[in-house]
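Please read all numbers here as calculations on a predicted model, not as lab measurements. Each chain gets a letter, A, B and so on, in the order the sequences are listed, and its residues count up from 1.
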Amino acid sequence: MIRRAGEHGLLVETGALEVSHRLDAALRDERPPEVLEVVPGPETVLVVAPGADQARLRELLERLAARCRDAPPGGHGESGGGAGLPYEGGPGESGGGSGLTYEGGPGAGSYKPGESGGGSGSTYEGAGRVTVPVTYDGADLESVAEAAGISVDEVVARHTGRELVVGWLGFAPGFAYLIGLDPVLHMPRLATPRTSVPAGSVAIAGPYSAVYPTASPGGWRLLGRTDARVWDVSAEPPTPFRPGTRVRFEVA
Amino acid sequence: MIEVLAPGPYATVQDLGRHGYAHLGVPSSGAADAGSLRLANRLVGNPERLAGVEVTFGLARLRFLEGAWVALAGAPCPVSGGASGAGMGVPFWVPKGAEVRLGTPEWGLRTYLAVRGGVAVEPVLGSRSTDSLSGLGPPPLRAGTILPVGPAAGLAGIAVDLAPLAGPRPAVLRVLPGPRDDWFASGALETLCAAPYAVSQDSNRVGVRLRGAEPARAREGELPSEGMVTGAVQVPPSGQPIVFLSDHPPTGGYPVIAVVADADLPVAAQLRPGDEVRFKVLPHV
């Protein structure tokens, strides 16, 4: 179903995050010139296109959305990826279930760490993959281990042991909600948020992990920090993350 | 260059916004009443997209360190300060060293000052706008802020002597229902449109917060976060609607009952705390 969001917006219901990501990728390949914004969410994609022929745009979106819903797991693109991404951790159940090979969208990997001085410390391979080196010395590392009933080493092993995927960005520019976190590490936010969390802090909350792109108040539990810059307004794009990017944390 | 002697209650640099980055969590920002910024720019021969100053509730004082052509549009303020012919809706020359002083607007909230050549602060992600939500772009103006002015070379001539000032438009926001009108009980849109809302004191560039009747929900719980458009009428659990303006978050989890028509966004942007405003449903086109 496609819902109207004002005069220039169409909200496509995808029902599942991976379908949102596929539609986002399809729209990067086949983007009508009037499209100003494409905003994937857990169960929707918002397309804002001032001046577009609404009927025609709706038709295109219906066609692309149908293709994205029907796409076989691991369709085109990445063949060597292999790692089944735990989309089941995200909101909204998809028909695909677990073990899906996620298709990295074409163009998702256009971020080059060498360019514009951005991304120093990160390595990027293929379409939309990012490795984030982490120094695990966060203020909440021990309390997380305690709450989970495991050792600090095992917290690190579980945090680095899975490939995560950027579900969507929000809260602040460049703040990516990474899904697929090991369920043992799922825990609520701090009861009292910190007034300032430094940029580069690597944290968890609920079913998500994230890297704070800039210093901000925050209630997520801090596991460590990275020197990789995940937000740099002088780089284009300003962040290596976009919806669908695969992310792996590693011990620095 | 322009020196800010006093910004008034709140003033920022604004152009037509930071587009194409909503999927990275970047608000669109830009002039809340874009039509007025465009008009002020046209009056001094600028392309409509150049950056100007958005003054909230007047009372700003600016000193021009070099002579410049200036125009003002939006909420009408008395203008003084030594430039002859200065006023709303007219291009006027401000000699070197002279000031532009704005009084309190007669009606409305936001006044736009355009300078020939545009305010040339460093763009961030393609825009010079201050984003009050995320902090992108230049900080809000303070006493002592120096604003560079761009070159006038190559701009169109100044062709208009006077743009007739429009009076205040009726405080009516026409809305298109949805995208989440089905999250509300039948009759909720009628509730929204039945009686006027009062504009709350905590309104800002993110949104106009309203006090009044609460549209009843048909579904409880939170919506999975989804993309939000400017003009969205979001209804949080308090039931008190918020009309999103330029600095709204790009995604949100409260259902949007309706979206304000583009043509009425300037009306929303000019509402003052304490004003009354009504909604009216546009037929689905």
Query raised in the report: With no hydrogens and no angle check, is any side-chain donor or acceptor of B:Glu226 less than 3.5 Å from a backbone partner on A:Thr44?
Result: no
Requested in this report: Would you mind telling me which of B:Val229, B:Asp262, B:Val124, B:Thr230 has the largest number of heavy-atom pairs within less than 4.5 Å of chain A?
Outcome: B:Asp262
**Report entry** Least distance between heavy atoms, A:Glu37 atom then B:His23 atom
**Finding:** OE1-N, 4.5 Å
**Report entry** Non-hydrogen atoms of A:Phe241 and B:Leu24 that approach each other most closely
**Finding:** O-CD2, 3.3 Å
Query raised in the report: Taking everything shown except A:Arg189 itself, do over 12 heavy atoms lie less than 6.0 Å from its CZ?
Result: no
**Report entry** Winner by heavy-atom pair count (cut-off under 4.5 Å) against chain B, out of A:Asp24, A:Leu36, A:Leu169, A:Leu10
**Finding:** A:Leu169
Requested in this report: Could you tell me which non-hydrogen atom of B:Pro179 sits nearest to which non-hydrogen atom of A:Arg3, and how far apart they are?
Outcome: O-NH1, 2.7 Å
Query raised in the report: With a 4.5 angstrom heavy-atom cut-off, which part of B:Thr251 approaches chain A: side chain, backbone, both or neither?
Result: side chain
Query - Residue-level interface, residues 45-58 of chain A with chain B, non-hydrogen cut-off under 4.5 Å - result: A:Leu46, A:Val48
Requested in this report: Indicate the atoms forming the closest heavy-atom contact of B:Gly227 with A:Val39, along with that distance.
Outcome: CA-CG1, 4.1 Å
Report task. Give every residue pair that meets the salt bridge (Lys or Arg N to Asp or Glu O under 4.0 Å) criterion with at least one member in residues 233-260 of chain B, sequence neighbours excluded. Result -> B:Arg205-B:Asp247
Query raised in the report: Crowded around B:Gln201 CD? As in, over 12 foreign heavy atoms under 6.0 Å?
Result: no
Report summary line: When B:Leu176, B:Val259, B:Asp181 are each screened for side chain to side chain contact (heavy atoms under 4.5 Å, CB included) with A:Arg4, the one that passes is B:Leu176
Query - Reported CG-to-CD distance for the pair B:Leu265 and A:Glu7, which is rounded to 0.5 angstrom - result: 8.0 Å
Report summary line: So, the part of B:Leu223 with a heavy atom under 4.5 Å from chain A: the answer is neither
Query raised in the report: Where do A:Pro173 and B:Val26 come nearest, in terms of heavy atoms and distance?
Result: CB-CG2, 3.7 Å
**Report entry** Region of A:Tyr177 in contact with chain B, defined by heavy-atom distances below 4.5 Å
**Finding:** neither
Query raised in the report: Does a side-chain N-to-carboxylate-O contact under 4.0 Å join B:Arg180 and A:Glu13?
Result: yes
Report summary line: Okay, A:Ala5 and chain B: the region with an atom under 4.5 Å from a heavy atom over there is both
Requested in this report: Please report the shortest heavy-atom distance between B:Leu125 and A:Val233, naming the atom on each side.
Outcome: CD2-O, 3.8 Å
